[in-house]
Engineer: 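The structure that follows is given in the form of structure tokens.
So you know, we letter chains A, B, ... as the sequences are listed, proteins then strands, and number each from 1. Since the model is a prediction, treat every value here as computed from it, not as a measurement.
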2 protein chains.
Amino acid sequence: MGVSLKDVAQRAGVSIKTVSNVVNNYPHVTPQMRAKVQQAIDELGYRPNLTARHLRKGRTGIVALAVPELGNPYFAELAGAVIDAAARHDYTVLVDHTAGLRERELLVCQEFRSHVIDGLILSPIHLETADLVARQETSPLVLLGEREYEAPYDQIAIDNVAASRLAVRHLLDLGRSRIAFLGSRTSRERRPAHLRLRGWREELTAAGLEPDETLVVATEGYGRADGATAMTTLLERGAPPDAVFAYNDLIAIGAMRTLAEHGLRVPDDVAVVGFDDIEESSYGTITLTTVSPDKQAIARLSVDRLVERLAGKPVSEPLRIRPGYRLAVRESTGSVPTGAHGSGNGTENATRTDPLLPATPRHPDTPSHPDTARHED
Amino acid sequence: MGVSLKDVAQRAGVSIKTVSNVVNNYPHVTPQMRAKVQQAIDELGYRPNLTARHLRKGRTGIVALAVPELGNPYFAELAGAVIDAAARHDYTVLVDHTAGLRERELLVCQEFRSHVIDGLILSPIHLETADLVARQETSPLVLLGEREYEAPYDQIAIDNVAASRLAVRHLLDLGRSRIAFLGSRTSRERRPAHLRLRGWREELTAAGLEPDETLVVATEGYGRADGATAMTTLLERGAPPDAVFAYNDLIAIGAMRTLAEHGLRVPDDVAVVGFDDIEESSYGTITLTTVSPDKQAIARLSVDRLVERLAGKPVSEPLRIRPGYRLAVRESTGSVPTGAHGSGNGTENATRTDPLLPATPRHPDTPSHPDTARHED
DNA sequence: TTGAAAGCGCTAACAG
DNA sequence: CTGTTAGCGCTTTCAA
């Protein structure tokens, strides 16, 4: 079908090797040889067959990214950043989503396009440490997301507990005391609670408050509808909260919708904080205060790690990398100028951002985050 | 490095072909032979090298999808749908984004991962018919998006003009007369106006109104910030409109933000209609009326077309397929019960949806659209 | 500096 | 039903 090296060689009256040299910019080729070959290439419209090259070299230049749901803007934005980061290393990204199904997560990390992808960046939800340990596949794997695993793979995630505590503290500083948590998992499985829920507990306890478990509402998924439903559930329990900390922005946005329907004002009656800082959160009629992970850093770091492993760098121990984050304070918590927070371990910085009317939100490509901090353990 | 067919054959004491037969579920193999081989496969942890298979078969099972921007929820949602549709045909999707740059669009459709992807689904912005005609690459290409091309490739897009007219008519029916259009292109190039802008013009003219070009505002891009800026520009021109039709939902959302900042109420002072029906539009404090293209159908149809071409079906003429759409009427146009519209060519249906409080929006997986209509020309 | 030949792992003919 | 063999298009020794 296609034009091969051989065809070009024949046309140019040279050997295959010579053509290959030209194609690969091998330094030692005489200009006239190069010109002759190039002409043949142009005439025939030759394009190297990457599949064959890959077979020969054992690498494909393709990495996969598997996220729960591309419909969640956080993951869409992250995917975009990963694609860009990978492109800078001449890698192409194969995107898949797992719908948050354990089966698909397993499939992806076990045998997804074996030999076709050089490595995998996976953001799991249901995967267990045991699954990871049992993994056969030898290609590099980088883990993203909220969970932590005792498995020999690089993990890149912000300090979810500390970030959540920061969010809760912000609410406490505002004088709120009945702070709900929306988005714990309805886990039939006995699973450790979310790190974000743990952060909620810890900060409340640290403030001398008893975490009120009736203010914790589980959700089926992580979308806007789940947030709306959860908020309804909470309100039906009576004794409404004066603040809500949601597992992510979508849940927070759904909750705000429900609050509006019930005539409750944000932030006057109920302050709301989300998690993810998707662009949408800067644009609602009421903009959303949220924990803002440095997506660019997460994308860049995960691709860098993958590429390093791929390059066969001296195999360092698996790293646990903690990118930076900040608390983006916006209208949903009243825009009261609060001082900067910081818990002292250098992995976070809470900057007050977005004054009252963030008509021109910070551009996502020029993050104001400090350089990421690393924790290797 | 990896375990090959040969290794397995050696281990099992059979020929390569036999192993290949087992791997490929070739029907005529004795059970005991199969068992023996399977055991060797398991012991060695053999995984077929798809790259080699692809080289041999000339196909890779990978198709590419290139959209302008994954950060735009419309494209993220579409990408998700395409990935699912492709998976049903055992294809994997390589996602790329072009940032709306003509250079990258060209690159993608010319030589993107040549021989690695079997086909391409492209949603171009800047590409011209001439670029397409000049395309060297012979792999199947399906075009998505607003533009129409005189090129020999399948094109899948809703009838943008008719859909826009429907939106404008809805605004007219509400008694609005000063209807702005936000999001025309700031085109240095001499390009035909957007089809959506054309729809705006046509419907106004049909209603006996003179399209007021001072109500048309160009934008640099297609994001929320662009919408906010455009709305500001419009308001600064004085004589505010009583309705806005935006090129897409993001621009509409940005515009609503600006309206809120200026103390203008939606829909009382200004009614707003968007285009795309991203999920976010069902969840703002003021939900957005918008043209809702059947994304599932668009994804399914484009993958189907690609797969058909790939399967070497008798090469039919390039098709121009028009999936269904509807007008999702929500709060931003006042939720006034309006009758159903329809322009008679069977490619559209305007259903009034989403009553006052769409706390539970229609599930994206169960579209209420009619079957898609096809126009072959 | 360029040519010849081997082989990456697999499938598809064709034998046996 | 199973084995042998010849490439798919490329890179990479090794010679010349």
Side-chain angles (χ1 to χ4, degrees), chain A residues 1-38 40-41 44-62 90 111 113-118 137-139, chain B residues 1-38 40-41 44-62 111 113-118 137-139 312:
Chain A
M1 14 190 273
V3 186
S4 78
L5 273 188
K6 199 166 70 178
D7 301 322
V8 178
Q10 214 154 21
R11 172 78 163 219
V14 297
S15 86
I16 289 184
K17 179 67 206 305
T18 308
V19 182
S20 176
N21 284 341
V22 171
V23 171
N24 294 293
N25 280 312
Y26 185 69
H28 308 293
V29 260
T30 58
Q32 67 250 34
M33 190 94 266
R34 181 179 297 278
K36 189 163 67 176
V37 172
Q38 190 58 53
I41 288 179
L44 267 46
Y46 167 78
R47 303 208 164 290
N49 182 327
L50 297 186
T51 305
R53 181 178 294 174
H54 297 155
L55 172 59
R56 186 60 234 235
K57 303 185 93 154
R59 304 194 315 100
T60 61
I62 299 177
D90 289 318
E111 53 178 333
R113 290 276 148 181
S114 177
H115 294 271
V116 168
I117 62 168
D118 290 339
E137 193 66 42
T138 57
S139 58
Chain B
M1 11 190 275
V3 186
S4 77
L5 272 189
K6 199 166 67 179
D7 301 322
V8 177
Q10 213 155 20
R11 171 80 164 219
V14 298
S15 87
I16 288 184
K17 180 65 207 301
T18 307
V19 181
S20 177
N21 284 341
V22 171
V23 171
N24 293 294
N25 279 313
Y26 186 68
H28 308 294
V29 261
T30 58
Q32 66 249 37
M33 191 90 263
R34 181 179 297 276
K36 189 163 66 174
V37 172
Q38 190 59 52
I41 288 179
L44 268 45
Y46 167 77
R47 302 207 163 291
N49 183 328
L50 297 186
T51 305
R53 182 179 291 174
H54 297 155
L55 172 59
R56 185 59 233 233
K57 304 185 89 153
R59 303 195 317 101
T60 62
I62 298 177
E111 53 178 331
R113 290 276 147 181
S114 177
H115 294 272
V116 168
I117 60 168
D118 290 340
E137 192 67 43
T138 56
S139 57

Engineer: Name the closest nucleotide to the A/Thr30 side chain, picking from C/dT1, C/dA4, D/dT2.
Structural biologist: C/dT1
Engineer: CZ of A/Arg59 versus P of C/dC8: gap in Å, rounded?
Structural biologist: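 It is 19 Å, rounded to the nearest whole Å.
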Engineer: Rounded to whole angstroms, how far apart are CZ on B/Arg34 and P on D/dC1?
Structural biologist: 11 Å
Engineer: Please give me the minimum heavy-atom distance between A/Leu5 and A/Val23, naming the atom from each residue.
Structural biologist: CD2-CG2, 4.4 Å
Engineer: Rounding to a whole Å, what distance do you find between A/His54:NE2 and D/dC8:C1'?
Structural biologist: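 Rounded to the whole Å, the gap is 15 Å.
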Engineer: Taking all atoms of both residues into account, what is the closest heavy-atom pair of A/His115 and B/Pro48, and its distance?
Structural biologist: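 A/His115 and B/Pro48 have their closest heavy atoms at CD2-O, 3.4 Å.
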Engineer: Of all the heavy-atom pairs spanning A/Ile62 and B/Ile62, show the shortest one and how long it is.
Structural biologist: CD1-CD1, 4.4 Å
Engineer: Does D/dG9 have OP1 or OP2 under 4.0 Å away from a side-chain N or O of A/Thr51?
Structural biologist: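 Indeed not, no polar side-chain atom of A/Thr51 lies that close.
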Engineer: What N/O pairs connect the protein and nucleotides 10-12 of chain C at under 3.5 Å? Give each pair on its own line.
Structural biologist:
unit_1, atom_1, unit_2, atom_2, d
C/dC10, OP1, B/Tyr46, OH, 2.4
C/dC10, OP1, B/Asn49, N, 2.9
C/dC10, OP2, B/Leu5, N, 2.5
C/dT11, OP1, B/Asn24, OD1, 3.4
C/dT11, OP1, B/Arg53, NE, 2.5
C/dT11, OP1, B/Arg53, NH2, 3.3
C/dT11, OP2, B/Ser20, OG, 3.2
C/dT11, OP2, B/Asn24, ND2, 3.4
C/dT11, O2, B/Arg56, NH1, 2.6

Engineer: So which heavy atom on A/Tyr46 is nearest to which on A/Asn49, and how close?
Structural biologist: OH-N, 4.3 Å
Engineer: Closest approach of A/Lys36 and A/Ala12, non-hydrogen atoms and distance?
Structural biologist: CE-O, 3.6 Å
Engineer: Between atom CG in B/Leu55 and atom P in D/dC10, what is the gap in whole Å?
Structural biologist: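 It is 9 Å, rounded to the nearest whole Å.
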Engineer: Which heavy atom of B/Asp118 sits nearest to which heavy atom of B/Thr60, and what is that distance?
Structural biologist: OD1-N, 2.9 Å
